[in-house]
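Below: the structure, in structure tokens.
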Amino acid sequence: MATTLFRTAPTVRAALRTSSFKPAVAALASTTFTRGKATLPDLSYDYGELEPYISGKIMELHHKAHHQTYVNGLNSALETIEEAKAKGDYSQAAAVAPLLNFHGGGHKNHTLFWENLAPNNKGGGGEPEGALKSALDKDFGSFDTLKTQVNTALAGIQGSGWAWLVKDKSAGTLQVITKPNQDPVAGNYVPLLGIDAWEHAYYLQYQNRKAEYFSAIWNVINWKTVAQRLEKA
């Protein structure tokens with residue numbers, strides 16, 4: 001499920017030229033557009049293939065309903081910006097920046113999230129290998145330490161948000177960070193692995209036992225994708 005940056009959208013270019021939009025436009029990185037509109041990405045596996053760790057019903061609702069909502073919201077925000085730009089009303093355009101950040105971030109985060117997952121028979125689970133394993137051992141000490149740090153970060157999120165394994169381009173190290181709501185990973189950080197801590201990602205199956213979800217999801221992590229992102233970071 002490849003994603004590409006839509007480099008020629010007039011609306012996106014206009015947003016980039018407006019300083020108040022710069023944080024929000026980071027949400028558009030790695031976003032797929034078709035004919036100027038963001039689109040819901042296809043999954044490389046069926047909804048039920050991640051069971052028993054993530055139920056097929058959760059996957060279907062998460063992808064077809066929640067992610068689609070972010071796609072729709074992003075397209076609506078971009079249309080509003082384009083209309084305001086045509087009128088020369090840059091104040092109205094700037095007022096849309098929070099929506100662009102929320103829905104654009106939601107779209108980007110979920111697109112990365114789906115790619116981070118895979119059924120056991122398609123490479124999901126297990127432990128990292130090769131250069132990724134070496135980098136994790138160097139910066140965390142061991143794979144188990146990484147899992148503990150990520151799960152601790154997830155448990156510490158108040159409300160909704162994400163935990164990310166990132167590469168800090170300035171320091172050259174791997175780190176665990178959290179982002180509230182749908183704020184995208186940006187700046188010097190390159191997202192390698194993201195885990196969704198919003199209730200819609202687990203509640204139908206795990207209810208208030210979110211720690212069980214945090215433990216279970218490691219059984220379907222696609223380490224090949226994480227390794228590829230590290231190689232390109």
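Positions are given from 1, in the same order as the sequence printed here. What you see is a predicted model; the values in this text were computed from it and never measured.
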Problem set entry | Same cluster (ILVMFWY, side-chain, under 4.5 Å), L40 and L61 |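 No; tracing contacts between hydrophobic side chains, which count when under 4.5 Å, never links both residues.
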Exercise. Out of curiosity, does F102 fall in the hydrophobic cluster containing I157 (side-chain heavy atoms, cut-off under 4.5 Å, transitive links)?
Worked result: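 Looking at the clustering, F102 is in the same group as I157.
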Between the side chain of [X] and the main-chain N/O of [Y], is any donor-acceptor distance below 3.5 Å?
| X | Y | result |
| --- | --- | --- |
| D168 | G172 | no |
| Q182 | S160 | no |
| D139 | T173 | no |
| T225 | E115 | yes |
| H107 | H103 | no |
| S134 | G130 | yes |
| N181 | D183 | no |

For this session: Give the ring-plane orientation class for Y47 versus H63, where under 30° counts as parallel, over 60° as perpendicular and anything between as tilted.
Result: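 Rings of Y47 and H63: tilted, 30 to 60°.
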Do the non-hydrogen side-chain atoms of [X] and [Y] ever get within less than 4.5 Å of each other?
| X | Y | result |
| --- | --- | --- |
| Y45 | L117 | yes |
| T80 | Q92 | yes |
| H67 | P41 | yes |
| E49 | L43 | no |
| I54 | H62 | no |
| R229 | V190 | no |
| D196 | Y213 | yes |
| W218 | I195 | yes |

For this session: Determine, stepwise, if the pair F140 / V176 fulfils side-chain contact (heavy atoms from CB on, under 4.5 Å).
Result: CA-CA 10 Å; F140 296 97; V176 173; 3.8 Å; yes
Which pair of non-hydrogen atoms, one from [X] and one from [Y], has the smallest distance, and what is that distance?
| X | Y | result |
| --- | --- | --- |
| A38 | V71 | O-CG1, 3.3 Å |
| N188 | S170 | ND2-OG, 3.0 Å |
| A135 | L174 | CB-CD1, 3.7 Å |
| K108 | P184 | CD-CB, 4.2 Å |
| V226 | L192 | CG2-O, 3.7 Å |
| A155 | F214 | N-CE1, 3.9 Å |

Problem set entry | Name of the residue among L146, T152, T145 meeting side chain to side chain contact (heavy atoms under 4.5 Å, CB included) with T148 | T152
Approximate separation, where rounding is to 0.5 Å, of [X] [atom1] and [Y] [atom2]:
| X | Y | atom1 | atom2 | result |
| --- | --- | --- | --- | --- |
| K133 | K138 | NZ | NZ | 14.5 Å |
| I177 | W162 | CD1 | CH2 | 12.5 Å |
| L165 | Q149 | CG | CD | 10.0 Å |
| K167 | K232 | NZ | NZ | 14.0 Å |
| E212 | I217 | CD | CD1 | 14.0 Å |
| W223 | L136 | CH2 | CG | 6.5 Å |

For this session: Answer with yes or no after comparing the ring centroid distance for W198 and F113 against a 6.0 Å cut-off, counting only values under it.
Result: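 No, too far apart.
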For this session: Taking atom CD of E60 as the centre, report whether more than 12 heavy atoms of other residues, nucleotides or ligands fall under 6.0 Å from it.
Result: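 Above 12, so yes.
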Exercise. Just wondering, more than 12 heavy atoms not from K64 lying within 6.0 Å of its NZ?
Worked result: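 Not buried by this count: 12 neighbours or fewer within 6.0 Å.
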Exercise. Taking it one step at a time, do M59 and W114 satisfy side-chain contact (heavy atoms from CB on, under 4.5 Å)?
Worked result: CA-CA 10 Å; M59 288 296 299; W114 307 134; 3.7 Å; yes
Problem set entry | K37 vs E79, salt bridge (Lys or Arg N to Asp or Glu O under 4.0 Å): CA-CA, chis, key distance, verdict | CA-CA 9 Å; K37 288 186 176 293; E79 289 172 6; 2.3 Å; yes
For this session: Would you please say whether a donor-acceptor pair under 3.5 Å links the side chains of Q175 and W164?
Result: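 No, no side-chain donor-acceptor pair sits under 3.5 Å.
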For this session: May I ask you to check whether Q68 and N72 show a side-chain donor-acceptor distance below 3.5 Å?
Result: yes
